[in-house]
Colleague: 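Sharing a structure, written as structure tokens. Questions coming.
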Amino acid sequence: MDPECARLLPALCDVLADPRQPVADDTCLEKLLDWFKAVTEAGSSLLLLQDHPCLVELLFHVLKPQDLSSRILSFALRLAGIFAAQENCFQYLQQGELLPGLFGEPGPLGAAAWAAPSVRSGWIQGLHSLAQHPSALRFLADSGAVDTIFSLQGDPSLFVASAAGQLLVRVLDLALCGPAEGRISLQAWDWPACARKIVCHLEDCLRSKATPRVMQALHVLTTAFGHCHGLWTQGLWVQLSPLVARLLEKDPVPAPHALVDLLLSVARSSMLSSDPGLWETAAQTLSHLSPTQAGPLAAGILKLQDCPQALRIQAFGVLLQPLAFVLEATAQAPGMPGLLEGAAGDLMAMDTLPPSKSACVGLLCSALAHLELLQPLVAVVAILRLCNGSAAPSSEAGGRLCAMLGGCVRVQRAALDFLGVLSQGLGPQELVTQVFAILLEYLVSPDSSPTVLKKAFQATLRWLLSSAAPPGCCDLEPYAQLVLGELLSVLRKRLCSPCWEVRDSGLEFLTQMTRHRGGQAGFRQALLASEVPELTRQLLQDPESYVRASAVAAVGQLSSWGLLAAPSSPEHAATPQKTPLEELLLVLTTDSEGFPRRAVMRVFTEWLRDGYADVAEDPERFVARVLQAASGDLDWEVRVQGLELALAFLEQLLGPCGPSAAAPPGALAQALQALCRVQLFEFAFRSLFDCDRPVAQKSCDLLLFLRAKATPPSNSQEVGDGPDVTSVEAALRRWQAGEQGQPLGELAPEAVLAVLRSMDLEALQDTLAESSDHVERSPQSLLQDMLATVGVLGDNEADCY
């Protein structure tokens, strides 16, 4: 322990033990417990208590009848558990009857403080911490703590009840694991007394007619099979699986969600998944539960590696029931392929339609979320038609479903998301035609909400990009080309929408489509024949900053592919047209919002790396202009992106990052002169002392890269013949002190290299990697703050932050 912490600890213990002092807040107590846990994990708890007797005195003080707060009592219980986790320290605390006093009847169990949930929670957490060794198991069995844990499973506090169940699992694992684990019988009646007692309790709960008690047992078993992997779990499942299966005979089935969680936990266990009885119980559960209740179990079964084929088919059927109902309701049943035929023939799918809109919507969204492997394209199209009112219901139930789903944004979003996933599977040409038709309906419809339009644009993009299909799949290219003209007409209208979210989604679609298809002749021809490029250019002046940022990205992509043609209208003929580079430089230097300026810097960096024509003409002039603008920007992300652009320029001059050798002397000299001309060094050195840590970190990385490239042979420079770096170092000291106004002036490359080699950039990098509050988060700071709140420290000793 730190000497200063050891000095402060007795005073802190006195404060915690004094009921007259204001109680420390929960956050401080939690941090204090975390610190003690770290200290005990790093060394001996027994030595800690012997070196600091004030800790034992604090625990004994808690046992005295007094008006201690529930927070401090809970803290003391948890602290005792942390110390007693080591067996020698447990025995040390036992000698003074401290542990029975804290965790037995004489302690909080028999006091009024037990009414506070925090005390009950602290009692459980303390026992959970100390349950690490055989001595603790004997203590739990002899003190009657197990019976108290049973009662706490039904605690009104959900946190306490959950923690009690987890503690039961911990005790069971402690009783059956260890050196004797290999000799433990698979028959539960041969287990140690404490384990048998817990198993009997679980059996009683599973036989109970009260659903809460059944749920308690199911939660304990789910935790046990999910977190414990000993041989004893086989015996536990053999003992209790008949009672679990018998739950399905009750009407209604008690705690169906907890039952599903248990079966999936058992199925995922490597020790239990080979049990045939498990799969039989899972099949019965799928049959007895409603589609809403059985859906998570069916989805979980389909993700298992070793699962009987018959059960997998049954799980498919459960997930398909909602979609089969949709097809039945829209008179599309005769054309349903594959598994959908069997699901549609199940009349229960028609009879179990949830009566409420929310339940129906939830069921459909759940089905859509779990159906990636099925690819029921026709059903998804039918759902989207029900939502926009273009489907013709074929029955009274279908009409009711149509009324429920009409205009439902949640289902529309889920269906469009899933439709995008299905683009990889493709399908018959007729079905692909239907997909593009429904997507265009949603893109054109004035009733589509902005979020639905965004999803429709994303799904359309995925289907268009999948048109270049591999051999053997449906070729979308001819039809995609036909759709493109209509799609660009829709996009032109959406870019003029009064809703900024719609304009933004349209620009994002255009950016991605251009990125992936900008070199294809069909796409280029259709785009250049439309008004979309000119509209995109105009949106650089949009009143909404998010739209301007998306317009910058779109202009960057269009310009990279040569798709920003000059306007052909007569009124623009006499006006000199700015180049895309000039337009984006104007955004960088004049836009009042950070988002568009950040977008410009990303485009410029990409242009520099890709050799964009206007940049490649004079890269030095381009980099100088951009760095001049970025260095004075108030947005730290723009400055970071400026350093990223500077790094790209460095890589072009000196080669990529990596463990490669230093640059050749001739190339290095030319590169350093170019870097001085674009004033990169001034920007990098100034950024090294930036008040925003990410900027300083990026600058440090850049300078380390440059120093590695400029490292000379060991004998290339004699002592005493170095350049004069006094002025540079003086300027850096002023900048570090916060005087950022004065420039470096003319820089000689040799002076820059000398400064770079003299700086301890590695130490600076380590310092910058530390969190900004690393001092305030130290244990010493925590103790000082807790003492300062009660006035124990003087004014100058408190670490107030």
Side-chain angles (χ1 to χ4, degrees), residues 361 365 383-390 405-420 435-465 483-515 526-527 530-558 563-564 567 583-584 587 590-600 602-603:
V361 167
C365 289
I383 290 173
L384 288 169
R385 293 201 180 283
L386 282 171
C387 288
N388 74 353
S390 62
L405 298 183
C408 180
V409 172
R410 182 182 169 194
V411 173
Q412 288 172 342
R413 283 163 45 193
L416 287 167
D417 268 341
F418 189 48
L419 194 61
V435 169
F436 277 112
I438 191 66
L439 287 172
L440 283 171
E441 283 182 31
Y442 271 82
L443 290 173
V444 171
S445 173
D447 297 326
S448 295
S449 70
T451 53
V452 169
L453 273 173
K454 185 180 182 72
K455 297 292 184 183
F457 271 125
Q458 291 171 345
T460 304
L461 176 68
R462 296 184 72 165
W463 277 89
L464 285 172
L465 295 183
V483 169
L484 200 54
E486 192 172 352
L487 182 61
L488 289 173
S489 176
V490 173
L491 181 60
R492 179 180 62 81
K493 294 177 182 177
R494 290 303 187 185
L495 292 180
C496 299
S497 170
C499 178
W500 74 264
E501 291 98 332
V502 174
R503 302 194 300 276
D504 192 58
S505 297
L507 288 167
E508 288 177 352
F509 168 79
L510 175 63
T511 302
Q512 292 304 316
M513 193 67 195
T514 306
R515 183 185 299 276
L527 186 63
S530 71
E531 301 175 31
V532 168
E534 181 57 26
L535 280 173
T536 303
R537 211 165 192 160
Q538 293 173 14
L539 288 173
L540 291 173
Q541 311 299 325
D542 195 275
E544 174 56 53
S545 64
Y546 291 106
V547 178
R548 297 198 301 276
S550 296
V552 166
V555 165
Q557 278 301 315
L558 291 170
L563 293 169
L564 271 183
E583 287 184 303
L584 296 192
V587 173
T590 62
D591 200 295
S592 60
E593 297 287 340
F595 296 111
R597 302 199 305 273
R598 295 173 198 167
V600 170
R602 286 192 292 270
V603 169

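Because the structure is a prediction, the values reported are computed rather than measured. Throughout, residue positions are numbered sequentially from 1 according to the sequence presented.
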Colleague: Parallel, tilted or perpendicular: which fits the ring planes of Trp463 and Phe436, with parallel below 30° and perpendicular above 60°?
Modeller: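 Perpendicular, since the angle between the ring planes exceeds 60°.
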
Colleague: Any chance you could measure Gln541, atom CD, to Asp591, atom CG, to the nearest 0.5 Å?
Modeller: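 These two atoms lie 8.5 Å from each other.
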
Colleague: If I compare all heavy atoms of Ala551 with all of Leu507, which pair ends up nearest, and what's the gap?
Modeller: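 Looking at all heavy atoms of both residues, the closest pair is N-CD1, 3.7 Å.
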
Colleague: Applying side-chain hydrogen bond (donor to acceptor under 3.5 Å, both in side chains), can you list everything that pairs with Glu508, at least two apart in sequence or on another chain?
Modeller: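 Partners of Glu508 under the side-chain hydrogen bond (donor to acceptor under 3.5 Å, both in side chains) test: Lys454.
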
Colleague: Which distance, rounded to the nearest 0.5 Å, do you find between the CG of Asn388 and the CG of Leu405?
Modeller: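 With rounding to 0.5 Å, CG (Asn388) is 11.0 Å from CG (Leu405).
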
Colleague: Search all heavy atoms of Arg597 against all heavy atoms of Val587 and return the closest pair with its distance.
Modeller: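 Smallest heavy-atom distance, with atoms named: CG-O, 4.0 Å.
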
Colleague: For the atom pair CG (Asp447) and SG (Cys387), what is the distance rounded to the nearest 0.5 Å?
Modeller: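 The SG atom of Cys387 is 12.5 Å from CG of Asp447, to the nearest 0.5 Å.
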
Colleague: Under a 4.5 Å cut-off applied to non-hydrogen side-chain atoms, are Leu539 and Val555 in contact?
Modeller: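 No; the side chains remain at least 4.5 Å from each other.
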
Colleague: Taking side chain as C-beta onward, heavy atoms only, is Trp500 less than 4.5 Å from Ser550?
Modeller: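 With C-beta onward as the side chain, the pair stays apart.
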
Colleague: Answer yes when Glu593 and Arg548 have at least one side-chain N-carboxylate O distance shorter than 4.0 Å, and no when they do not.
Modeller: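 No, no charged N to carboxylate O under 4.0 Å.
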
Colleague: Go through the steps to decide whether Leu465 and Met513 satisfy the test side chain to side chain contact (heavy atoms under 4.5 Å, CB included), and finish with yes or no.
Modeller: CA-CA 8 Å; Leu465 295 183; Met513 193 67 195; 4.2 Å; yes

Colleague: Just by modelled atom types, is the Val532 backbone N or O under 3.5 Å from a matching donor or acceptor in the Arg492 side chain?
Modeller: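 Answer holds: no.
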
Colleague: Measuring only between side-chain heavy atoms, which start at C-beta, is Leu487 closer than 4.5 Å to Leu464?
Modeller: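 Yes, their side chains come closer than 4.5 Å.
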
Colleague: What are the two closest non-hydrogen atoms of Ala526 and Leu484, and how far apart are they?
Modeller: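 Looking at all heavy atoms of both residues, the closest pair is CB-CD2, 4.1 Å.
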
Colleague: Is there a side-chain contact between Val483 and Leu439, using heavy atoms and a 4.5 Å cut-off?
Modeller: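 Val483 vs Leu439: side chains apart.
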
Colleague: To the nearest 0.5 Å, what is the distance between CG on Asp417 and CD on Gln412?
Modeller: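 Nearest 0.5 Å value for the CG-CD distance: 12.0 Å.
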
Colleague: Under 3.5 Å, side chain of Ser505 to main-chain N/O of Glu501, donor-acceptor pair present?
Modeller: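 Judged by distance alone, yes, a pair lies under 3.5 Å.
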
Colleague: Can you give me the closest heavy-atom contact between Pro596 and Ser545, atom names plus distance?
Modeller: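 In this case the closest contact between Pro596 and Ser545 is CG-O, 3.6 Å.
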
Colleague: Taking all heavy atoms of Val603 and all of Ala553, pick out the closest pair and write down the distance.
Modeller: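 Closest pair (atom of Val603, atom of Ala553, distance): CG2-CA, 4.1 Å.
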
Colleague: Which is it for Leu527 and Leu558 under the side chain to side chain contact (heavy atoms under 4.5 Å, CB included) test, yes or no, and what are the steps along the way?
Modeller: CA-CA 10 Å; Leu527 186 63; Leu558 291 170; 3.5 Å; yes

Colleague: Please confirm whether the backbone N or O of Leu416 pairs with a side-chain atom of Tyr442, one donor and one acceptor, at under 3.5 Å?
Modeller: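 Not confirmed, Tyr442 side chain does not pair with Leu416 backbone.
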
Colleague: For the atom pair CG (Leu491) and CG (Leu510), what is the distance rounded to the nearest 0.5 Å?
Modeller: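 It comes to 6.0 Å.
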
Colleague: Apply side chain to side chain contact (heavy atoms under 4.5 Å, CB included) to residues Gln458 and Gln512 and explain how you reach the verdict.
Modeller: CA-CA 10 Å; Gln458 291 171 345; Gln512 292 304 316; over 6 Å; no

Colleague: Measuring from atom NZ of Lys455 to atom CG of Leu453, what distance do you get when rounded to the nearest 0.5 angstrom?
Modeller: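 Output value for this atom pair is 12.5 Å.
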
Colleague: Can you tell me if Arg494 uses its side chain to pair, donor with acceptor, with the backbone of Leu443 under 3.5 Å?
Modeller: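 Answer holds: yes.
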
Colleague: To check you understand the geometry: which heavy-atom pair defines the closest contact between Leu564 and Pro533, and what is its length?
Modeller: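 The answer is CD2-O, 3.7 Å.
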
Colleague: Without swapping roles, check the side chain of Arg413 against the backbone of Thr451 for a donor-acceptor pair under 3.5 Å.
Modeller: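 Flag not set: sc Arg413 to bb Thr451 has no pair under 3.5 Å.
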
